[in-house]
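All ligand and atom numbering here is 1-based and tracks the order in the structure.
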Amino acid sequence: MCGIVAYVGQQAAREVLIEGLKRLEYRGYDSSGIAILNDRPYLRKAVGKVAALEQQVWADRPAGSIGIAHTRWATHGKPTVPNAHPHLDCTGQIFLVHNGIIENYQVLKKHLLAAGHRFCSETDTEVLVHLVEEAYQGNLETAVQKALSQVQGTYGIAVLHGAHPREIIVARRGSPLILGVGKDEALAASDVSALAQHTDQVVYLEDNEVARLEPGRFSITTLENRPVSRDTTQLEVGPEAMERGAFPHFMLKEIFEQPDAVENALRGRLNHSEGVAKLGGLESVRDRLQQARHLIIISCGTSYYAGLYARYVFEALTDLTVETELASEFRYRKLNLRQNTMVLAISQSGETADTLAALREAKRKGALVLGLVNVVGSSIARETHAGVYCHAGIEVGVASTKSFTSQMTILALMALLVGRARDLSYEEGMQIIHGLERIPGEMREILAQSEHIRRLAEKYSHVDHFLYIGRKYQYPIALEGALKLKEIAYIHAEGYAAGEMKHGPIALIDPTFPTMALAPEDGSYDKVLSNMQEIRAREGKIVAVTTTGNTKLGSLVDDIMEIPRNHEILSPLLSVLPLQLFAYHCAVIRGCDVDKPRNLAKSVTVE
Ligand code: G6P
């Protein structure tokens, strides 16, 4: 989704900004733009890849050591050069980039047009720069405060004014914005990945705050101009986390990082003597955790599937009633939260707008709100009462992989923690602990099959449709496997509960419509086998994910991908890996842009 980079310092702004935009590319975008202040302000925009903008900027070589840049993911108006940011006011002095959505832009635009302002784009953003122009009386920060006071909706913005060649004003409400402070320079970005190579000293801007950046300095005020004092924090991730190394794509690198990511998720969190998990982030709410009777899990996309998985795990290990809900639906429901309800928000980025809005709603209703987040210091991490970090490291590929398995690992730990405080026995707790400890090694065994899976992908990548089926613990994995295939390989794939298959999708089955069946030898194995037989009877092709050494499938299936045997609660942590690899190889064979699939964004900061 849209990205912002802003720089003021001693270096050539063009280099820092283009480099920053490249670091933000993974978030997803369809056009980009840059403004640099110098004797004559420089403005360039381009549709498509950052490389198109970069070419123009390298040809022009604009001087100047202050500027702002943006990658846009179209919401209001198509991806065109006029709609790309930065936007400019009528005087040609003020430049502005924006992430988020201005909800009352039509009303504001009407007033601004009546006051004589000229608009050049179809965007909601453009009203902001004209509002700043209206409010400007010599102090840019004051003008931005005044302009934003009239705005409804969400924003992360960066603003430049030709008359203020050493300052950038930034502000946020609902869209992430992080400041970076270095020696004789200051930066801002919508994502730490654009800052990490310049400084490890960052400041997380809060909602309704405005910051002034000058070389080596920053100051923060509220929209009402009250000063805010905030210290810098040390950034945990280094710039090397954004390197692909020997891997052709970030997604493949991240698939292969999963054994390490699970080890990191488990590190220091297993208590063998008591057969329980230790999650420091939940210590402060231990009493409320113990009193809880109901759990509602809210999330989007792949994180939602982790939530669906958690429903089965919490039901198995605890006595909580559990609901898993799409955040985008939860937030609009008439909520009647019962006493002792806790709400768990799961989000890799910690910035997903729907998840954030849903957790705010739950908080307002008095629930204990917990977070399971990968990005340290992100909005969801900061707004929840307590929570746990995944520590999966930066995930660059738009299609989530290592975050998903980290989330599942920690969800199993959370359920273990809650369960052991209730009636889960020590022996049952230890079975989970031992199973979890085996996961990284077993994941490595699966990853060693990548070449076999690539050959399978060669066999199936030409198909137009794929059905994915699974039961119980494997049902969320069927959904996630299908999502992976559609989002990166653009193959229509449906994930279905195996038992539901005969209530509809079976009508589609024929020799051209294959099925991926999740069939490890667990408690649901026999039932899934029956479903596979029903498919076979309709001449459907079947690829099965089953337990290593299971020779009983015989001619029922066309192809097999094997996973080691583990506790049935934990085997989804394994069965998703072949599906990730299968989708990855299909996408590569089909010539798709694996790390940046069309129309998708890594972090969805609009509703
Ligand atoms: C986007 C990403 C998905 C992700 C979803 C939820 O759609 O492309 O990979 O699962 O957002 O994101 P979150 O950061 O909240 O987990």
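Atom numbering of ligand 1 starts at 1 in the shown order; those under 4.0 Å from a heavy atom of S400 are 9 (O). Counting the atoms of ligand 1 from 1 in the order shown, those under 4.0 Å from a heavy atom of S347 are 13 (P), 14 (O), 15 (O), 16 (O). With ligand atoms numbered from 1 in the order given, ligand 1 contributes 13 (P), 14 (O), 15 (O), 16 (O) to contacts under 4.0 Å with heavy atoms of Q348. The contact set between ligand 1 and V398, taken as ligand atoms under 4.0 Å from a residue heavy atom, comprises 8 (O), 9 (O).
The protein atom (non-hydrogen) at minimum distance from atom 8 (O) of ligand 1 is A601 O, 2.9 Å. Looking only at heavy atoms of the protein, atom 6 (C) of ligand 1 is closest to C300 O, 3.4 Å. Scanning all protein heavy atoms for the shortest distance to atom 16 (O) of ligand 1 gives S303 OG, 2.5 Å. For atom 12 (O) of ligand 1, the nearest protein heavy atom (residue, atom name, distance) is T352 OG1, 3.3 Å. Atom 4 (C) of ligand 1 has its closest protein heavy atom at T302 N, 4.2 Å.
A cation-pi geometry, defined here as NZ or CZ lying under 6.0 Å from the six-membered ring centre and within 45° of its normal, does not hold between R590 and Y490.
The proximity of K602 to ligand 1, defined as any non-hydrogen pair under 4.0 Å, is limited to the backbone.
No close placement of the Y473 and Y475 rings is indicated, their centers lying 6.0 Å or farther apart. Remark: aromatic rings of F404 and Y305 are distant, center separation not under 6.0 Å. For F466 and F582, the ring centers sit closer than 6.0 Å to each other.
Side chain to side chain, Q348 and S303 fail the donor-acceptor criterion of an N or O pair below 3.5 Å. Checking E442 against N566 by side-chain atom types alone, a donor-acceptor pair falls below 3.5 Å. In the model, Q580 has a side-chain atom that pairs as donor or acceptor with a side-chain atom of Q258 under 3.5 Å.
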